[in-house]
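A short worksheet on the structure shown next.
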Amino acid sequence: MRFLPTFSPAVVMGISISIATGLYGISFGALSVAAGLTVGQTAALSLLMFTGGSQFAFIGVISTGGSPAAACGAATLLYLRNAIYGAQMKALIAPKGIMKFIAAHVTIDESAGTASVQDTAEERNRGFWTAGVGVFVLWNVFTLVGALGGQHIGDPAQWGLDGAAVAAFLGLLWPRLTQRSMRSVALVAALITVLVLPVTPTGVPIVLAALVAGLWGWVVAVKAHSNNSLTRGETTP
């Protein structure tokens with residue numbers, strides 16, 4: 001006799017990703033308070049912005065003395081990737097009515113990634129909603145835990161919480177570098193960041209790296225489109 005519900009592979013994946021990602025909210029909450037934001041402001045960022053990369057970029061610029069404009073610029077550039085995810089998820093899960101707005105808010109790396117690797121429409125829907133809602137709930141809960149705890153632990157770096165944020169970024173990025181072009185643009189962006197870091201204001205290096213990565217992607221896309229057009233022209237009678 002079964003007492004536990006049977007979860008599909010997509011649901012299991014979504015739950016696992018939700019727990020692993022949600023725990024990083026502790027790091028964000030503590031670092032945000034250390035950067036000078038209040039507990040309320042920190043909680044609002046997770047509720048309303050809800051995209052970990054942009055949130056870490058925002059408080060990272062603020063904590064090092066950058067202007068609000070630079071912080072918003074860095075956060076916005078990282079946030080733009082969600083627009084691409086949104087177009088993909090609209091085609092994959094086809095939300096209707098008010099669910100479109102909810103789906104848009106929980107469209108993040110984790111929910112889009114979980115949905116994309118599934119083989120059927122039902123599993124894509126299960127994976128997307130399990131990861132999206134799961135990360136949203138746990139991220140906000142642990143953000144609050146980190147923010148409240150951050151008022152009492154002193155410097156988050158002493159507890160390794162600053163390193164946790166870096167580890168989270170690398171953990172998300174590394175599995176996606178499956179092609180040579182992806183690895184190349186990642187290395188170039190990292191090199192540019194290192195080179196301009198000592199001579200540019202806080203927040204500018206990440207903006208420049210993002211612009212270079214975007215330009216690189218545009219050039220590659222144009223080149224691929226041109227090659228495809230030439231191929232079709234050669235094979236078309």
Side-chain angles (χ1 to χ4, degrees), residues 17 20-21 23-25 27-28 30-32 34-37 45 49-88 107-113 116-117 139 155-228:
I17 289 175
T21 304
L23 287 170
Y24 284 112
S27 176
F28 170 73
L31 291 172
S32 180
L37 277 69
L45 276 177
M49 184 180 287
F50 184 53
T51 170
S54 295
Q55 291 178 233
F56 277 117
F58 183 89
I59 63 170
V61 173
I62 294 296
S63 65
T64 51
S67 67
C72 289
T76 300
L77 282 172
L78 287 175
Y79 191 81
L80 289 177
R81 73 193 189 282
N82 288 4
I84 300 174
Y85 295 155
Q88 295 173 333
T107 297
I108 52 176
D109 298 284
E110 292 77 12
S111 59
S116 298
V117 299
W139 180 262
D155 184 5
Q158 294 179 349
W159 300 83
L161 294 178
D162 55 337
V166 176
F169 279 125
L170 291 177
L172 288 172
L173 176 64
W174 190 257
R176 298 175 184 271
L177 302 180
T178 57
Q179 299 177 13
R180 183 177 179 180
S181 60
M182 295 179 180
R183 294 190 290 270
S184 298
V185 71
L187 289 173
V188 170
L191 179 61
I192 289 173
T193 301
V194 172
L195 291 176
V196 303
L197 189 62
V199 296
T200 57
T202 301
V204 172
I206 190 172
V207 174
L208 293 176
L211 290 174
V212 169
L215 179 61
W216 184 306
W218 178 77
V219 170
V220 170
V222 169
K223 183 177 180 180
H225 178 73
S226 300
N227 290 338
N228 289 337

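What you see below is based on every heavy atom in this structure, not just the backbone, and it leaves out hydrogens, waters and symmetry mates. In this chain, residues are counted from 1 in sequence order.
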When rounded to the nearest 0.5 angstrom, what distance separates [atom1] in [X] from [atom2] in [Y]?
X: Ile59; Y: Leu45; atom1: CD1; atom2: CG; value: 8.0 Å
X: Glu110; Y: Thr21; atom1: CD; atom2: OG1; value: 4.0 Å
X: Phe28; Y: Leu37; atom1: CZ; atom2: CG; value: 7.5 Å

[Y] and [X], any side-chain heavy atoms less than 4.5 Å apart:
X: Ser111; Y: Tyr85; value: no
X: Ile192; Y: Val188; value: yes
X: Gln55; Y: Trp139; value: yes

Taking all heavy atoms of Ala75 and all of Ser54, pick out the closest pair and write down the distance.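 Nearest heavy atoms, Ala75 then Ser54: O-OG, 2.8 Å.
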side-chain contact (heavy atoms from CB on, under 4.5 Å) against Ser116, all qualifying residues, sequence neighbours excluded: Met89, Leu92
